[in-house]
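As the structure is a prediction and not an experimental result, all values here were calculated from the model.
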Amino acid sequence: MFNEDLLVCEDSDFVYRVILDYPFCLIDNYHLYYYQGSDNIYNFFDRRDVKIDDVLENRKFIEKFTFVGLGQIKLNSIHKNLIKSSQKIVRKKECINKIKDIIGRKYFTLGFMNHKINKFKAILFVFKSLFYKFNFTRLLFLIKILFPFIPIKLEEEKLRKDLSLW
C-alpha cells in the first residue's frame, strides 16, 4: 500500500490511501504523537522556530527544504488524482481546490526561499504557484525577481502569510 516512488511523505500517502478505501470518522482530539527522529527527512530544522531571514542565503538548507517541498507537492498531486477518481468523496470539488491551494502555496514558498540563491528556480516556482492559484502578491513578487531594478513595494506581512513551511 506504500507508494515506493515517493522519497518523502510515504506515511502521509499511506494515511490518504487508507482514508479513501475504508470508512473512517473524525475525532477532534490527539491520539498519537509523531516522533521525528534523527533519520527523519525534516530533522534539519525546527519549523516552529525557523527565522526565514536567517536561512535565505544558506544554500544547504534551501536545497534540503526544496527537496522536501517538491516531495510534498508530488504527494499532493497524487492525492488530488486519487480524490478525482474516488467515488466515495462527497465534496470533491472543495477537496481538489484545497489541494490546489496547498500546492500553490508550497510552490510560492519554494520560490520565496530560493530567490536569493537560485533566481531561475525562484522564477519557475513562483510562476507555477500562479498556475495553481492566482494571487496579486505572488505576481508582484515574480515581477520583483524578474526586474529587480523596478521599485516594487511588497507588504511583508501579506508575502509571509502566503508561505507554507509545513
Side-chain angles (χ1 to χ4, degrees), residues 1-48 50 52 61-115 118 120-142 145 157-166:
M1 196 158 225
F2 273 97
N3 182 342
E4 294 179 20
D5 292 336
L6 294 173
L7 298 175
V8 297
C9 306
E10 307 94 324
D11 51 349
S12 298
D13 182 58
F14 175 76
V15 170
Y16 267 90
R17 290 175 187 279
V18 168
I19 288 171
L20 287 173
D21 289 339
Y22 300 97
F24 72 97
C25 69
L26 178 65
I27 300 171
D28 194 14
N29 201 346
Y30 295 101
H31 294 283
L32 62 99
Y33 291 100
Y34 190 86
Y35 176 71
Q36 291 188 340
S38 60
D39 63 338
N40 190 282
I41 191 81
Y42 298 108
N43 192 37
F44 66 97
F45 80 110
D46 182 353
R47 291 175 283 183
R48 297 165 298 179
V50 70
I52 295 173
F61 176 90
I62 299 300
E63 286 171 356
K64 285 183 179 180
F65 187 87
T66 301
F67 173 78
V68 172
L70 289 172
Q72 291 170 330
I73 289 169
K74 181 177 179 179
L75 177 70
N76 279 298
S77 296
I78 290 168
H79 294 164
K80 184 178 70 152
N81 292 332
L82 286 172
I83 289 169
K84 277 183 180 179
S85 64
S86 172
Q87 302 301 314
K88 298 178 182 181
I89 304 290
V90 178
R91 293 166 28 193
K92 253 189 219 192
K93 192 171 184 176
E94 285 178 51
C95 292
I96 290 169
N97 286 338
K98 181 63 179 170
I99 290 176
K100 286 168 82 173
D101 182 52
I102 290 168
I103 294 171
R105 286 185 70 212
K106 185 53 74 176
Y107 269 128
F108 180 70
T109 302
L110 294 179
F112 180 81
M113 296 300 273
N114 277 278
H115 83 276
N118 192 327
F120 178 76
K121 276 187 180 178
I123 291 165
L124 177 69
F125 291 144
V126 175
F127 184 76
K128 284 184 174 187
S129 80
L130 289 167
F131 171 77
Y132 281 94
K133 185 171 183 181
F134 181 82
N135 172 314
F136 194 65
T137 303
R138 293 178 189 177
L139 179 62
L140 285 177
F141 187 69
L142 178 62
I145 297 170
E157 186 179 321
K158 277 187 180 179
L159 186 71
R160 292 183 187 248
K161 193 183 214 181
D162 203 18
L163 299 178
S164 171
L165 296 177
W166 291 93

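Residues that satisfy the side chain to side chain donor-acceptor pair (under 3.5 Å) test with E94, not counting sequence neighbours, are R91. F108 meets the ring-ring contact (aromatic ring centres under 6.0 Å, His included) test with F141; sequence neighbours excluded. When the side-chain contact (heavy atoms from CB on, under 4.5 Å) test is applied to F120, the partners found at least two apart in sequence or on another chain are N118. K121 pairs by the salt bridge (Lys or Arg N to Asp or Glu O under 4.0 Å) definition with nothing, not counting sequence neighbours. Every residue meeting the side-chain contact (heavy atoms from CB on, under 4.5 Å) condition with N97, not counting sequence neighbours, appears here in chain and number order: K93, K100. Scanning for salt bridge (Lys or Arg N to Asp or Glu O under 4.0 Å) contacts around K92 gives an empty result, with sequence neighbours left out. With sequence neighbours excluded, the residues that form a side-chain contact (heavy atoms from CB on, under 4.5 Å) with L124 are K128.
What you find for R138 and K133 is that their closest heavy atoms are NH1-O, 3.0 Å. Listed here is the closest heavy atom pair of V126 and G111: CG2-CA, 3.8 Å. Taking each heavy atom of I73 and L110 in turn, the nearest pair found is CD1-CD1, 3.9 Å. Smallest separation of non-hydrogen atoms from S129 and G104: CB-O, 3.1 Å.
Here F125 contributes atom CZ and L70 contributes atom CG; the two are 4.5 Å apart, rounded to the nearest 0.5 Å. How far CG of N114 is from OG1 of T66: 4.0 Å, rounded to the nearest 0.5 Å. Between atom CD1 of residue I99 and atom CG of residue N81 there is a gap of 9.0 Å, rounded to the nearest 0.5 Å. One finds the NZ atom of K80 at 10.0 Å from the CD1 atom of I83 (value rounded to the nearest 0.5 Å). Rounding to the nearest 0.5 Å gives a distance of 8.0 Å between CZ of F127 and CG of L142.
In this structure, Q72 and V68 have side chains that are in contact, with non-hydrogen atoms separated by less than 4.5 Å.
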Item to complete: Start with the C-alpha distance between F61 and M113, add both sets of side-chain angles, then the distance that settles side chain to side chain contact (heavy atoms under 4.5 Å, CB included), and finish with yes or no.
Response: CA-CA 10 Å; F61 176 90; M113 296 300 273; 3.7 Å; yes

Practice prompt. Please lay out, stage by stage, how I103 and S77 fare under the test side chain to side chain contact (heavy atoms under 4.5 Å, CB included).
Written response: CA-CA 8 Å; I103 294 171; S77 296; 3.7 Å; yes

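Using a 30° and 60° split on the angle between ring planes, H115 and F112 fall in the tilted class, from 30° to 60°.
Checking D162 against T137 by side-chain atom types alone, no donor-acceptor pair falls below 3.5 Å.
No donor-acceptor distance shorter than 3.5 angstrom exists from the side chain of S86 to the backbone of L82, with no hydrogens or angles considered.
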